[in-house]
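As structure tokens, the structure follows; a few thoughts come after it.
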Amino acid sequence: MPEEMNIEEQSVVEVELDSLNSAGSPRLSGESPEHVHVLAAAQSPLPPIVVHRATMKVIDGFHRVKAARLRGAETIEARFFDGDEAEAFVLAVRLNVRHGLPLALADRKRAAERIIASHPQWSDRRVATVTGVSPGTVGDIRKRTVPGRTPESRRVGQDGRVRPLDGSAGRMLAGELLAANPGLSLRQVARAAGISPETARDVRNRLHNGDDLVPRQCRRKTPAVLVAAREDFTEELLARRPELVAQGPSQRSGRSRTDIAPDRAMLVKRLKADPALRFTETGRNLLRLLALHTLRKEEWDAIINNVPPHCTDIVADLARQFADLWSEFAVRIKDDVAQIG
């Protein structure tokens, strides 16, 4: 939504206070009189408000409007927004979460409920980004507010890309592509199957280890008939590439994280000795980031077991975002090397 993204670039105009419509504030309890008086008493000019051009509703700046009235002003500086009313509300929430007097948690949850109703195709993470609550909270609100609704098969993420809620089909397609064309890059497989590069990596690892292509936690939420179909599909792929099952189950499962961690530490130590990394600022930054992931399994378990319950949604979401960043990082440095070669 371009207007939402570049609202600060819109021209500033003077509008009459009497022409403004103050209905539709995302604040359930209304504006704060104390904050209004603080703004009114300040000597500095009030920042421009944001107004929905079609309805003249105030999107952002309810406190500033009241402060201007207390000052005895008849006009106020404003920027216009030209989207529809649903988009205007999204922008109102985004701006009120981002600056000024913060929205209360109850206001943000109510805003998430309203945005879910007006934008059911949006992912939980995208709604969470707008409202300032965790994706898990958005998911709970979605389940509570639309319990009888048939869930959408695809949702739009915060990057604007459409992704399936159930990635099983994409995983199975990725498995077929990798089985038929082992030389394909993860980015090529991800693009063709409509999944992320990290999911493509997971599929490749599962295919190599002889595991089901769909994680067990996903299968628990899926009808048994589909689970059976996926397992049959995995068996068919493995039958096409018997070399994947030539090893015993204990060998196919790969080394444990305890075994891998020392290898990671050794590799990072070796990288630290490389002058190309040690003597550049970007190289040292990279080494610091890599060193964070050389913890032993026991250390990871201790961290996991001591995350406060009220922080788990946020920490888990950040971990997923960081995993996505590392995945993209891995793909890009591989591609850059290929292009140089």
Side-chain angles (χ1 to χ4, degrees), residues 1-33 35-36 39-40 45-104 106-133 138 141-142 145-146 149 152 155-162:
M1 188 167 55
E3 287 287 349
E4 177 183 332
M5 302 306 295
N6 65 1
I7 192 66
E8 295 296 328
E9 299 175 8
Q10 302 302 309
S11 58
V12 176
V13 297
E14 289 281 338
V15 298
E16 295 183 358
L17 291 173
D18 290 341
S19 68
L20 298 174
N21 182 348
S22 297
S25 171
R27 301 180 189 275
L28 297 175
S29 57
E31 287 66 53
S32 165
H35 190 57
V36 171
L39 292 175
L46 295 170
I49 63 173
V50 180
V51 178
H52 185 220
R53 192 190 301 272
T55 62
M56 293 302 290
K57 287 184 178 180
V58 177
I59 293 176
D60 180 48
F62 293 91
H63 289 100
R64 278 165 275 165
V65 169
K66 290 194 173 183
R69 293 185 188 279
L70 280 181
R71 288 182 177 185
E74 296 183 353
T75 63
I76 191 171
E77 291 187 339
R79 292 186 174 97
F80 281 114
F81 173 74
D82 292 308
D84 60 30
E85 290 197 60
E87 292 169 340
F89 181 76
V90 170
L91 180 58
V93 175
R94 187 188 297 276
L95 293 177
N96 278 276
V97 165
R98 188 181 301 165
H99 63 240
L101 188 66
L103 288 176
D107 295 332
R108 288 180 275 132
K109 287 184 175 181
R110 179 65 183 88
E113 184 177 330
R114 182 168 167 180
I115 293 172
I116 289 169
S118 63
H119 297 74
Q121 75 281 11
W122 279 16
S123 68
D124 292 346
R125 182 176 294 180
R126 185 169 185 179
V127 176
T129 300
V130 172
T131 57
V133 298
V138 175
I141 293 172
R142 193 188 299 272
T145 55
V146 286
R149 180 173 182 169
E152 300 82 5
R155 291 216 185 117
V156 181
Q158 58 185 1
D159 59 359
R161 295 179 59 188
V162 180

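Side chains included, hydrogens not; waters and symmetry mates left out as well; all remaining heavy atoms used. Count residues from 1 along the sequence. For clarity, every value in this text was computed on a predicted model and none was experimentally measured.
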Do you know which two heavy atoms are closest between [X] and [Y], and how far apart they sit?
X: Ile59; Y: Val51; value: CD1-C, 4.0 Å
X: Leu39; Y: Ala67; value: CB-CB, 3.7 Å
X: Gln10; Y: Arg79; value: O-NE, 3.1 Å

Test side chain to side chain contact (heavy atoms under 4.5 Å, CB included) applied to Val58 and Val50, step by step: CA-CA 6 Å; Val58 177; Val50 180; over 6 Å; no
Drop me the distance from [X]'s [atom1] to [Y]'s [atom2], to the nearest 0.5 angstrom.
X: Arg142; Y: Ile115; atom1: CZ; atom2: CD1; result: 11.0 Å
X: Asp124; Y: Ile116; atom1: CG; atom2: CD1; result: 6.5 Å
X: Ile49; Y: Ile76; atom1: CD1; atom2: CD1; result: 4.5 Å
X: Asn96; Y: Thr131; atom1: CG; atom2: OG1; result: 12.5 Å
X: Leu17; Y: Arg64; atom1: CG; atom2: CZ; result: 12.5 Å
X: Met56; Y: Asp18; atom1: CE; atom2: CG; result: 11.0 Å

Should Lys109 and Ile141 count as side-chain neighbours, where that means a heavy-atom distance under 4.5 Å? yes
Compare all side-chain heavy atoms of Val36 with those of Leu70 and state whether any distance is below 4.5 angstrom. yes
Not counting sequence neighbours, which residues clear side chain to side chain contact (heavy atoms under 4.5 Å, CB included) with [X]? List them please.
X: Arg108; answer: Val97, Leu103, Leu105, Val133
X: Thr55; answer: His52, Lys57, Glu85
X: Arg114; answer: Phe89, Arg110
X: Ala104; answer: Asp107

Go through the steps to decide whether Trp122 and Val130 satisfy the test side chain to side chain contact (heavy atoms under 4.5 Å, CB included), and finish with yes or no. CA-CA 11 Å; Trp122 279 16; Val130 172; 4.0 Å; yes
Does Thr75 form a side chain to side chain donor-acceptor pair (under 3.5 Å) with Glu16? I'd like the steps, not just the answer. CA-CA 4 Å; Thr75 63; Glu16 295 183 358; over 6 Å; no
Under 3.5 Å, side chain of Glu87 to main-chain N/O of Asp84, donor-acceptor pair present? yes
Do side-chain atoms of Arg53 reach the backbone of Asp82 as a donor and acceptor pair under 3.5 angstrom? no
Any residue meeting salt bridge (charged side-chain N to carboxylate O under 4.0 Å, His left out) with Arg71, in chain and number order, not counting sequence neighbours: none
Restricting to salt bridge (charged side-chain N to carboxylate O under 4.0 Å, His left out), what partner residues turn up for Lys66, sequence neighbours left out? Glu31
Using the side-chain hydrogen bond (donor to acceptor under 3.5 Å, both in side chains) criterion, which residues pair with Ser22? Sequence neighbours excluded. none
Run the side-chain hydrogen bond (donor to acceptor under 3.5 Å, both in side chains) test against Glu74 and tell me which residues pass, sequence neighbours left out. none
Carefully, step by step, assess Val15 and Leu20 under the rule side chain to side chain contact (heavy atoms under 4.5 Å, CB included). CA-CA 8 Å; Val15 298; Leu20 298 174; 4.1 Å; yes
Verdict with reasoning, Ser32 to His63, per side chain to side chain contact (heavy atoms under 4.5 Å, CB included): CA-CA 7 Å; Ser32 165; His63 289 100; 3.8 Å; yes
